[in-house]
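Structure record follows, encoded as structure tokens.
For this chain, numbers begin at 1 and follow the sequence in order.
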Amino acid sequence: MNLQQGFHILIIDDGSPDGTADIVKSLFALYPNQLFLEQRSGKLGLGTAYIHGFRWALAKGYRYICEMDADFSHDPKDLIRLHEACKSGAGVAVGSRYVKGGAFENWPADRIALSKGASVYTRLITWMPVKDPTAGFVCYRREVLDAINLSAIEFSGYAFQIEMKFAAWKLGFKIVEVPITFKDRKLGDSKMNKGIVKEGILGVLRLRWHSLFKNYRNKVLNTTYISATPAFADKEVILESK
């Protein structure tokens with residue numbers, strides 16, 4: 001919240017037992033009209049939380065919408081570079097671990113191997129020119145999210161990040177990768193499990209299948225863009241955090 005570029009933060013809380021919602025509410029007075037909370041009942045999945053946040057941001061009229069982890073694995077200061085990349089012409093700016101200058105800090109070797117393997121596998125199957133397709137630190141221009149039929153995004157776990165980039169690429173938007181250092185979380189546990197990995201493996205194959213034999217582009221193209229209200233049109237970025 002110390003960044004001076006007018007960032008707003010939206011927290012999506014699916015009934016977290018750790019009291020996330022109460023903590024956020026206690027900070028409203030300190031960050032008026034800058035910190036927001038959307039509460040949902042039950043665990044509805046990572047992808048649906050992001051889509052909920054995207055729709056909220058579009059309806060509020062934000063021009064740039066970012067997503068990132070809320071455990072400080074992603075450095076908030078890097079938001080500025082992602083934002084600048086989109087202002088300079090990118091439709092999607094990806095905080096990338098696998099371009100020159102990208103790195104890891106204190107991440108277990110098995111997680112690095114899984115992440116790198118998933119990235120190579122995704123590029124080989126989809127041909128998508130993104131070196132870190134599973135990255136969850138991303139800035140979108142609103143035109144990109146407007147153009148995507150968010151209801152057509154199939155995946156809610158590991159494959160969600162891949163499909164969002166794949167959809168943007170198939171719709172012709174420029175994707176730029178910005179090097180970041182990914183740091184392992186100090187508190188909490190990873191939500192990675194066999195089901196999420198399986199969705200990633202099968203999901204990539206499904207994306208490739210649809211793009212080859214079905215008109216995937218028409219499927220994910222939103223023909224009626226959301227009519228955004230100008231409530232926050234003067235603010236350039238919203239941070240959607242999980």
Side-chain angles (χ1 to χ4, degrees), residues 3 5 7 46-47 49-51 53-54 57 62-105 107 111-112 114-148 150 153 155-184 192 196 200 203-204 207 211 220 236-242:
L3 298 178
Q5 283 69 26
F7 288 86
L46 173 67
Y50 276 135
I51 288 176
F54 293 158
Y62 288 95
R63 288 177 289 177
Y64 301 93
I65 298 99
C66 299
E67 61 169 65
M68 68 183 295
D69 290 351
D71 58 6
F72 293 104
S73 294
H74 300 139
D75 189 340
K77 293 179 181 178
D78 289 330
L79 283 166
I80 297 171
R81 295 190 296 122
L82 295 182
H83 178 216
E84 287 298 327
C86 281
K87 286 183 68 176
S88 298
V92 182
V94 178
S96 179
R97 299 159 288 186
Y98 301 128
V99 293
K100 185 177 180 180
F104 298 96
E105 187 175 300
W107 217 30
R111 289 299 305 278
I112 293 175
L114 177 62
S115 175
K116 286 185 175 180
S119 297
V120 172
Y121 170 75
T122 298
R123 283 185 282 136
L124 286 174
I125 299 297
T126 66
W127 300 355
M128 182 168 58
V130 177
K131 292 184 178 179
D132 197 351
T134 65
F137 195 11
V138 185
C139 181
Y140 295 93
R141 293 181 69 94
R142 73 164 292 119
E143 293 89 344
V144 177
L145 296 180
D146 264 335
I148 296 174
L150 296 173
I153 299 299
F155 305 107
S156 61
Y158 199 65
F160 172 80
Q161 302 294 0
I162 298 171
E163 185 173 12
M164 285 296 298
K165 298 176 186 68
F166 189 75
W169 176 56
K170 283 297 182 180
L171 291 175
F173 291 102
K174 180 181 180 181
I175 301 177
V176 170
E177 293 187 81
V178 177
I180 64 161
T181 296
F182 182 91
K183 302 176 182 179
D184 190 22
M192 184 63 64
I196 292 175
V204 169
L207 287 177
S211 67
V220 296
E236 293 186 334
V237 183
I238 176 173
L239 166 62
E240 196 250 308
S241 176
K242 70 179 177 65

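With sequence neighbours left out, Ala118 forms a side chain to side chain contact (heavy atoms under 4.5 Å, CB included) with Thr134, Tyr158. Residues that satisfy the side chain to side chain contact (heavy atoms under 4.5 Å, CB included) test with Lys174, not counting sequence neighbours, are Val176. Residues satisfying the side chain to side chain contact (heavy atoms under 4.5 Å, CB included) test with Val120, not counting sequence neighbours, are Arg123, Leu124. Not counting sequence neighbours, the partners of Phe160 by the ring-ring contact (aromatic ring centres under 6.0 Å, His included) test are Tyr50. For the ring-ring contact (aromatic ring centres under 6.0 Å, His included) test, no residue two or more places apart in sequence or in another chain qualifies with Phe155.
Here Ile80 contributes atom CD1 and Cys139 contributes atom SG; the two are 12.0 Å apart, rounded to the nearest 0.5 Å. The structure places CD1 of Ile65 at 10.5 Å from NE2 of His83, a figure rounded to the nearest 0.5 Å. Considering CZ of Phe72 and CG of Asp184, their distance stands at 14.5 Å, rounded to 0.5 Å. Rounded to the nearest 0.5 angstrom, Lys165 NZ and Ile175 CD1 are separated by 8.0 Å. Rounding to the nearest 0.5 angstrom, the gap separating the CG atom in Leu145 from the CZ atom in Phe173 is 9.0 Å. Here the CD atom belonging to Glu67 is positioned 10.5 Å from the CD1 atom belonging to Ile51, to the nearest 0.5 angstrom.
The salt bridge (charged side-chain N to carboxylate O under 4.0 Å, His left out) pairs that include a residue from residues 94-103 are Arg97-Asp132, where partners are two or more places apart or lie in different chains.
Side-chain contact between Phe166 and Pro133 is absent, with no heavy-atom pair separated by less than 4.5 Å. Using a 4.5 Å heavy-atom threshold, the side chains of Ile180 and Arg81 count as touching. Contact annotation: the side chain of Ser115 approaches that of Trp107 to within less than 4.5 Å [non-hydrogen atoms, C-beta and beyond]. Between Arg141 and Tyr64, some side-chain heavy-atom pair lies under the 4.5 Å cut-off. Between Ile148 and Ile153, the closest side-chain pair of non-hydrogen atoms falls below 4.5 Å.
In this structure, Phe137 and His74 have parallel ring planes: the angle between them is below the 30° cut-off, well short of the 60° mark.
When all heavy atoms are compared, the tightest approach of Val92 to Val138 is CG1-CG1, 3.5 Å. Considering every non-hydrogen atom in both Ile112 and Tyr98, the closest pair reads O-OH, 4.2 Å. Pairing each heavy atom of Gly91 with each of Cys86, the nearest pair is O-SG, 4.0 Å. Ala168 and Val144 make their closest contact through CB-CG1, 3.8 Å (heavy atoms, listed as atom of the first residue, atom of the second, distance). In terms of heavy atoms, Gly101 sits closest to Pro179 at C-CB, 3.5 Å. Taking all atoms of both residues into account, the shortest heavy-atom contact from Ala85 to Ala93 is CB-CB, 3.8 Å.
For Lys170, the NZ atom is densely surrounded, since the number of other residues' heavy atoms within 6.0 Å is greater than 12.
Checked against a 6.0 Å centroid threshold, the rings of Phe54 and Tyr62 do not count as neighbours.
The only member of Val130, Leu207, Val204 that meets side chain to side chain contact (heavy atoms under 4.5 Å, CB included) when paired with Thr122 is Val204.
For Asp69 (side chain) and Asp71 (main-chain N/O), no donor-acceptor pair under 3.5 Å exists by modelled atom type. No donor-acceptor distance shorter than 3.5 angstrom exists from the side chain of Thr181 to the backbone of Phe104, with no hydrogens or angles considered.
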